[in-house]
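Here is the structure we will look at, set down as structure tokens.
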2 protein chains.
Amino acid sequence: MGKKSKAEKKGKNGKKRDEIVAEAHDHDLASILVQAARSMRTVLSRNLVESGLYAGQDGVMLALAETDGLTAGALAAKLGVKAPTMTRTIGRMEAQGFLERRPDKDDARLTKVYLTGPGRDRLQTIAEAGHHSEKLATRGLTDKQVRTLLKLLRVVDSNLQAARAAD
Amino acid sequence: MGKKSKAEKKGKNGKKRDEIVAEAHDHDLASILVQAARSMRTVLSRNLVESGLYAGQDGVMLALAETDGLTAGALAAKLGVKAPTMTRTIGRMEAQGFLERRPDKDDARLTKVYLTGPGRDRLQTIAEAGHHSEKLATRGLTDKQVRTLLKLLRVVDSNLQAARAAD
DNA sequence: AACCCTCTTTAAACTGTTTAAATCATCGCT
DNA sequence: AGCGATGATTTAAACAGTTTAAAGAGGGTT
């Protein structure tokens with residue numbers, strides 16, 4: 001892969017912005033987090049696409065696997081997105097046949113979402129895809145480190161959710 | 001917030017999917033990572049939007065601050081996106097006046113990207129936005145924990161980049 | 001019965017992302 | 001020197017995700 005063949009020929013790099021860069025490095029957590037997530041989404045997508053799912057939809061499936069018949073609003077809150085986002089996602093997934101909307105018969109304002117048979121069939125695949133992606137992502141880390149990472153990420157996530165909720 | 005008023009009235013939950021859910025929990029790293037990143041992007045956006053930037057563009061700015069005159073392809077690789085994505089992003093940012101494209105005079109196939117004056121003016125703001133978001137995200141964590149988190153995230157990111165590169 | 005509140009959806013406007021095809025310049029070989 | 005292979009960039013087309021603002025629909029309360 002002769003990538004550095006010609007493009008690197010001239011050694012004239014900028015050199016006097018070190019202070020700016022130093023400050024920019026405080027930005028690391030945000031960048032690395034977003035970047036890691038982007039890669040995770042890409043990798044997860046590859047494993048998911050075979051079952052007709054997109055990354056982002058799997059969260060809905062898992063939430064429903066845990067508690068079937070959640071409302072759209074509850075799903076949105078649980079996944080940390082706004083209601084219209086969830087409406088669109090649900091719409092797509094309903095069109096794909098993985099779940100279905102049904103009005104609650106006690107309160108017609110509520111629309112509850114249920115997994116369909118085909119949807120439930122995908123759960124296994126989703127679990128495997130997640131498992132596989134996680135194994136890929138944590139290569140070289142000990143179990144303890146993975147647990148630590150999860151713990152820290154949960155704290156960060158919870159902090160951020162709180163921050164974004166404080167509109 | 002009487003959220004459980006009516007919707008929870010019926011206690012008929014599914015009960016035999018416990019194994020599936022158990023497996024689904026292995027999926028935690030992927031979900032929590034993506035979710036944390038989503039929140040991070042949202043929070044970062046709020047701090048960035050004042051300077052006319054969107055989350056996702058800041059990475060380009062920082063990369064150029066470190067090494068001005070990168071090619072489109074190098075930027076794409078550095079940020080872990082595909083070339084066309086970078087082309088669009090660069091196009092938007094050029095239209096906004098934060099950077100400019102200039103053909104390399106040694107190799108006319110290459111288009112190098114440079115920060116403009118206004119672009120360089122934003123670096124300070126970007127650094128501050130990142131810093132602020134990071135402070136928000138790591139509330140309650142010790143410095144050491146933050147360093148640990150960064151270290152682990154770098155490993156994960158590097159693993160995932162390697163995995164996605166292996167097309 | 002009227003009014004208000006809550007939930008859901010629609011609408012509009014973006015950014016981000018990918019794959020595949022098209023463009024274009026350079027490089028190597030005959 | 002010309003010609004084809006190579007490589008970089010951009011264009012095109014098609015989706016997903018996201019947000020804010022507004023509209024639609026039901027319920028509950030006074």
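Below, chains carry the letters A, B, ... as their sequence lines are ordered, and counting in each starts from 1.
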Considering only D:dA8, C:dC5, D:dT18, which nucleotide approaches the side chain of A:Arg109 most closely?
C:dC5

Could you tell me whether the side chain of A:Arg88 has a donor or acceptor atom within less than 3.5 Å of a complementary atom in the base of D:dT18?
yes

Could you give the CG-to-C1' distance, from B:Leu79 to C:dT15, as a whole number of Å?
15 Å

Could you tell me how far apart B:Leu53 (CG) and C:dT15 (P) are, to the nearest whole angstrom?
12 Å

Any sub-3.5 Å donor-acceptor pair from A:Asp157's side-chain atoms to B:Ile32's backbone N or O?
no

Kindly work out whether a path of hydrophobic side-chain contacts (I/L/V/M/F/W/Y, heavy atoms less than 4.5 Å apart) joins A:Leu75 to A:Tyr114.
no

Residues A:Leu79 and A:Gly59: closest non-hydrogen pair is CD1-C, 3.9 Å

Which sits closer to the 5' end of DNA chain D, A:Met86 or B:Arg101, going by the nucleotide each is nearest to?
B:Arg101

Separation of D:dG7 P from B:Lys82 NZ (nearest whole Å)
17 Å

Hydrophobic cluster membership, A:Leu136 vs B:Val155, 4.5 Å side-chain cutoff:
yes

Over how many whole Å does the gap from B:Arg102 atom CZ to D:dT9 atom P extend?
16 Å

Can you tell me if B:Thr85 touches the phosphate of C:dT17, counting only side-chain N or O atoms and a distance under 4.0 Å to OP1 or OP2?
no

Check whether any side-chain N or O of B:Arg38 sits under 4.0 Å from OP1 or OP2 of D:dG17, and answer yes or no.
no

Answer yes or no: is there a donor N or O on one side and an acceptor on the other, between the side chain of A:Thr138 and the main chain of A:Leu141, under 3.5 Å?
no

Distance below 4.0 Å between A:Thr71 side-chain N/O and C:dT8 OP1 or OP2:
yes

Any donor-acceptor N/O pair under 3.5 Å between C:dT15 base and B:Arg92 side chain:
no

Taking atom P of D:dT18 as reference, at what distance in whole Å does atom CD of B:Gln35 sit?
10 Å

Spacing between B:Leu48 atom CG and C:dT15 atom C1', to the nearest angstrom:
13 Å

Need one value for A:Ala83: base, sugar-phosphate or nothing, where a base atom within 4.0 Å counts as base even if backbone is also close, heavy atoms only.
base

Start at the 5' end of DNA chain C and walk down; is the nucleotide closest to A:Thr111 or to A:Arg41 reached first?
A:Thr111

Please enumerate all residues that pass salt bridge (Lys or Arg N to Asp or Glu O under 4.0 Å) together with A:Arg92, with sequence neighbours excluded.
none

Nearest whole angstrom, please: distance from the P of C:dG16 to the CE of B:Met93.
9 Å

Interatomic distance where CG belongs to B:Asp104 and P belongs to C:dC27 [whole Å]
11 Å

Within 45 degrees of the axis of the six-membered ring of A:Phe98 and under 6.0 Å from its centre: does A:Arg122 put its NZ or CZ there?
no

In degrees rounded to 10°, what angle is found between the helical axes fit to the five outermost pairs at each end of the helix from C:dA1-D:dT30 to C:dT30-D:dA1?
0°

Hey, which of these two, B:Pro84 or B:Ala108, hits DNA chain C nearer its 5' end, going by closest nucleotide?
B:Pro84

Should B:Leu115 and B:Leu123 count as side-chain neighbours, where that means a heavy-atom distance under 4.5 Å?
yes

